[in-house]
Amino acid sequence: MADRYSFSLTTFSPSGKLVQIEYALNAVAQGVTSIGIKATNGVVIATEKKTGSALVDDTTVEKVVMICSNIGVVYSGMGPDARVLVDRARKAAQEYKRIYNVEPPTSVLVKEVASIMQEFTQSGGVRPFGVSLLMAGFDEAGPALYQIDPSGSFFAWKATAIGKNMINAKTFLEKRFTSSMEIEDAVHTAILTLKEGFEGAMTDSSLEIGIATMETTINSHGVPTKTGTFRRLRPAEIKDYLANIA
Amino acid sequence: MSIMQYNGGCLVGMKGKNCVAIASDRRFGVQALGLSTNFQRMFSVSNRLYYGLAGLGTDVQTLSEKFRMSVNMYKLKEERDIAPTTFASLVSSTLYERRFGPYFSEPVIVGLEKDDTPFICATDLIGCINFAKDFVVTGTSSEQLYGMCEALWEPDLEPEDLFETISQAMLNAVDRDALSGWGAVVHVITPTQVITRTLKGRMD
């Protein structure tokens with residue numbers, strides 16, 4: 001029944017589904033696992049950097065990316081689709097900044113990106129994005145973690161996993177997550193969660209981790225102020241965390 | 001005949017100790033002909049953020065409606081009140097959108113930030129923001145207001161004293177300008193309340 005309606009994205013199937021979105025979610029479920037955990041003082045997102053061969057120059061591969069200074073994102077699914085969304089998200093964030101001269105709050109950017117993804121479920125001649133995004137940010141409302149699906153729906157999470165190993169990972173997180181966790185514990189837990197389904201050796205170059213926290217930066221007047229900041233962990237920092245796990 | 005002097009009117013904003021004040025005159029006219037003694041030039045964004053628009057009357061009204069819409073959309077989308085600095089940037093970008101066919105209006109913005117710090121600023125008709133430490137003025141009697149404010153203002157005035165200062169600055173400045181006056185209104189904004197007073201001035 002589903003096959004008769006799968007040639008046209010913009011057609012509902014009799015059961016009320018848009019099968020292309022279902023298939024897009026399948027593409028995500030085949031992707032490398034990504035984890036996100038919200039702590040009391042920050043958010044961590046992490047994924048495995050899986051390259052096809054040892055000959056690939058993995059220093060050029062970036063799966064955990066910054067969108068604007070206080071928001072970062074990781075994906076599971078089709079890399080090229082994620083790249084396009086990252087570009088659109090970065091542009092949306094800068095357009096917000098042009099009007100309000102401040103970074104967008106995480107919830108606002110999430111809604112914007114989700115709207116873009118929804119457009120591709122209701123337009124002619126296009127297909128949905130084959131990625132789910134985990135967007136992590138720190139703004140005036142505090143730390144925030146959101147998942148955005150190919151359909152355009154978004155969910156706020158305390159901790160979650162997407163991709164290949166998401167069911168096991170979420171079960172693991174349900175047991176390990178506590179709402180009093182701080183960012184260091186959260187990074188530690190994220191690495192442990194990824195370890196469960198990790199293919200290959202866990203090293204500082206096969207793990208990508210990003211954190212959104214309150215950090216002291218110099219503002220435009222030269223005054224040190226505390227602002228929400230997203231950054232990727234350096235290999236040396238990841239190595240330290242891995243040492244604590246071994 | 002300058003378009004900014006077609007309708008007349010002026011505004012002044014001042015910083016005090018944990019409070020801010022904004023005052024405007026009430027005259028609306030067409031060059032020498034006075035038409036209204038209760039023209040609204042000041043608008044509230046929230047009970048902690050007020051702004052005023054001087055210049056061409058039609059642009060005052062259109063801009064106030066535009067800002068009302070932008071702020072309403074902001075509030076619905078972000079589920080929070082807009083901060084004074086953010087609102088100032090919104091005003092600036094809205095005005096600059098019309099860089100080569102501008103709105104003939106120069107705003108004054110006053111308010112209290114989230115931590116109750118006083119905030120005042122003004123922009124020119126194309127959105128250049130002036131973040132002032134003491135007072136901001138705009139309108140046909142801006143020169144007179146500059147003189148009065150410079151003479152009367154001092155830092156850390158309490159709300160009652162700030163009211164007296166801003167009122168005297170306004171009343172005496174507009175008396176030296178043919179196109180301003182015909183009444184005045186003052187809002188004093190503190191963390192707990194907003195006090196609005198109408199001043200009795202020369203009606204000529």
Side-chain angles (χ1 to χ4, degrees), chain A residues 38 67-71 88-89 91-119 135 137-146 148 152-157 212 214 216-228, chain B residues 15 45-46 48-49 51 63 65-100 102-103 107 109 111-124 126-134:
Chain A
K38 185 171 80 167
I67 304 294
C68 55
S69 66
N70 64 325
I71 301 175
R88 300 284 297 263
K91 196 158 182 213
Q94 294 309 315
E95 279 167 7
Y96 183 97
K97 219 174 161 181
R98 283 294 303 277
I99 301 172
Y100 298 107
N101 203 27
V102 289
E103 308 290 336
T106 321
S107 57
V108 169
L109 189 65
V110 163
K111 283 179 195 159
E112 186 59 44
V113 174
S115 296
I116 294 170
M117 290 172 88
Q118 190 279 343
E119 267 174 44
M135 199 167 267
F138 204 114
D139 55 43
E140 272 180 29
L145 173 66
Y146 287 87
I148 317 172
S153 23
F154 58 89
F155 322 91
W157 290 97
M214 201 61 121
T216 309
T217 54
I218 313 280
N219 72 0
S220 53
H221 300 282
V223 178
T225 43
K226 280 188 155 277
T227 44
Chain B
K15 238 191 228 189
V45 174
S46 73
R48 295 165 65 90
L49 181 57
Y51 71 99
L63 279 173
E65 287 164 18
K66 273 185 85 115
F67 293 137
R68 185 179 62 185
M69 183 179 126
S70 307
V71 170
N72 283 345
M73 290 305 298
Y74 182 97
K75 228 185 146 184
L76 287 167
K77 223 184 283 194
E78 308 228 353
E79 294 173 60
R80 60 179 176 149
D81 281 331
I82 189 167
T85 33
T86 314
F87 179 69
S89 296
L90 175 62
V91 167
S92 170
S93 39
T94 307
L95 291 171
Y96 196 84
E97 260 183 330
R98 291 278 170 267
R99 170 64 177 81
F100 299 110
Y103 288 108
I109 304 164
L112 297 171
E113 298 192 45
K114 210 153 158 199
D115 57 0
D116 292 347
T117 318
F119 171 87
I120 60 170
C121 79
T123 88
D124 66 7
I126 44 176
C128 175
I129 311 180
N130 164 28
F131 292 109
K133 291 184 286 226
D134 39 20

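Numbered from 1 within each chain, the chains take letters A, B, ... in sequence-line order.
With rounding to the nearest 0.5 Å, the separation of NE2 in A/His221 from CZ in B/Phe131 is 7.0 Å. Distance check: B/Ser70 OG to A/Tyr100 OH gives 6.5 Å after rounding to the nearest 0.5 Å.
In A/Tyr96, the OH atom is crowded: over 12 heavy atoms of neighbouring residues, nucleotides or ligands sit closer than 6.0 Å.
At a 4.5 Å heavy-atom cutoff, the contact between B/Glu79 and chain A is made by side-chain atoms alone.
Residues of residues 80-89 of chain B placed with any heavy atom under 4.5 Å of a heavy atom in chain A are listed by number as B/Arg80, B/Ile82, B/Thr86, B/Ser89.
In this structure, B/Glu78 and A/Pro105 have side chains that are in contact, with non-hydrogen atoms separated by less than 4.5 Å.
Remark: A/Thr217 engages A/Thr227 in a side chain to side chain donor-acceptor pair (under 3.5 Å) (not counting sequence neighbours).
Considering every non-hydrogen atom in both B/Lys77 and A/Val108, the closest pair reads O-CG2, 4.5 Å.
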